[in-house]
J.: 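Following this message is one structure expressed as structure tokens.
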Amino acid sequence: MTPRCVGVWGKPNAVLFPDWAYKPAWSPGSRQVQLWHFLLELLGRGEGAAIGWGGEWGEFVIRDPERLARLWGERKGKPHMNYDKLSRALRYYYNKRILHKTKGKRFTYKFNFSKLILVNYPGYPPPLGYQVITKSSPFLKGVTMETLI
DNA sequence: TACGGAAAGT
DNA sequence: ACTTTCCGTA
């Protein structure tokens, strides 16, 4: 099992999550990408046209909602995807504690990284050019690994 | 813009 | 299970 996806919080710092994050429990063989994986992919690539990190830890801003929806639709083979429907999927993340809304800030949401288990996966090297988060990573600002998990 | 119920799709 | 689709409501 290797880490499959990389999200970046201000290069060169990186966030890894393991292979099993792609697999819904009901379907061990499924590799269907989930929306929050996709968002972290785009954020990690620093492709700032559609989406970018916000000012706080885990916060992100959708800069071009319909463009983001189009990209998501392409990934999932849903040509009629739009922001209305994508945002409904984001709202389903509220109860699951994967995301919450940054109230008062347009198109701004925030990852609940503590729930996402976005910590380094011990025993595996980071992809080239990336750095694994550790307890002492300065941008964690005093948040411990135990807190994140 | 944003929310969340309801039902359908994969 | 995780959306996608649709839509009434605030």
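Note that the structure is a prediction, hence the values are computed from the model and not measured. Quick note on labels: first sequence line is chain A, next is B, and so on, each numbered from 1.
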J.: Distance check: side-chain N/O of A:Trp72 vs OP1/OP2 of C:dT3, anything under 4.0 Å?
T.: no
J.: Between C:dT3, B:dG4, B:dA2, spot the one nearest the side chain of A:Arg106, thanks.
T.: B:dA2
J.: Could you tell me the separation between the CZ atom of A:Arg97 and the P atom of C:dC2, rounded to a whole number of Å?
T.: 16 Å
J.: Grab the CG-P distance between A:Leu90 and B:dT1 for me, whole Å please.
T.: 14 Å
J.: Counting the atoms with a prime plus P, OP1 and OP2 as sugar-phosphate, which does A:Lys76 contact under 4.0 Å by heavy atoms, base, sugar-phosphate, or nothing?
T.: sugar-phosphate
J.: Among C:dT3, B:dA2, B:dA6, which is the nearest nucleotide to the side chain of A:Gln34?
T.: C:dT3
J.: CG of A:Leu86 versus P of B:dT1: gap in Å, rounded?
T.: 13 Å
J.: Can a cation-pi geometry be assigned to A:Arg97 and A:Tyr94, taking NZ or CZ under 6.0 Å from the six-membered ring centre and within 45° of the ring axis?
T.: no
J.: Looking for any heavy atom pair under 4.0 Å, which part of the strands does A:Lys85 touch: base, sugar-phosphate only, or nothing?
T.: base
J.: A:Leu99 has an atom CG; how far is it from atom C1' of B:dA2, in whole Å?
T.: 14 Å
J.: Quick check: A:Tyr109 with A:Tyr93 (ring centres under 6.0 Å apart)?
T.: no
J.: By the 4.0 Å heavy-atom rule, please label A:Arg91 as base, sugar-phosphate, or nothing.
T.: base
J.: Between B:dC3 and A:Lys101, is there an OP1 or OP2 to side-chain N/O distance shorter than 4.0 Å?
T.: no
J.: Please report the distance, rounded to the nearest Å, between CZ in A:Arg75 and P in C:dT3.
T.: 13 Å
J.: With heavy atoms under 4.0 Å as the rule, sort A:Tyr83 into base, sugar-phosphate or nothing.
T.: sugar-phosphate
J.: Rounded off to whole Å, could you give me the NZ-to-C1' distance for the A:Lys78 and C:dC6 pair?
T.: 14 Å
J.: Under the rule for side-chain hydrogen bond (donor to acceptor under 3.5 Å, both in side chains), what residues qualify as partners of A:Glu74, not counting sequence neighbours?
T.: A:Arg70
J.: Rounding to an integer number of Å, can you tell me how far A:Arg88 CZ sits from C:dG8 P?
T.: 15 Å
J.: Testing the basics here: between A:Trp72 and A:Met81, what is the closest heavy-atom pair and its distance to 0.1 Å?
T.: CD1-CG, 3.9 Å
J.: Taking only side-chain N and O atoms of A:Tyr94, does any of them lie within less than 4.0 angstrom of OP1 or OP2 on B:dC3?
T.: yes
J.: Assess whether one donor atom and one acceptor atom, taken from the side chain of A:Tyr93 and the base of C:dA1, lie less than 3.5 Å apart.
T.: no
J.: Please say which of A:Thr102, A:Leu42, A:Thr108, A:Leu99 ends up in a side-chain contact (heavy atoms from CB on, under 4.5 Å) with A:Phe60.
T.: A:Leu99
J.: Whole angstroms only, please: what is the NZ-C1' distance between A:Lys105 and B:dA2?
T.: 17 Å
J.: Look at all strands and tell whether A:Leu35 reaches a base, only sugar-phosphate, or nothing, counting heavy atoms closer than 4.0 Å.
T.: sugar-phosphate
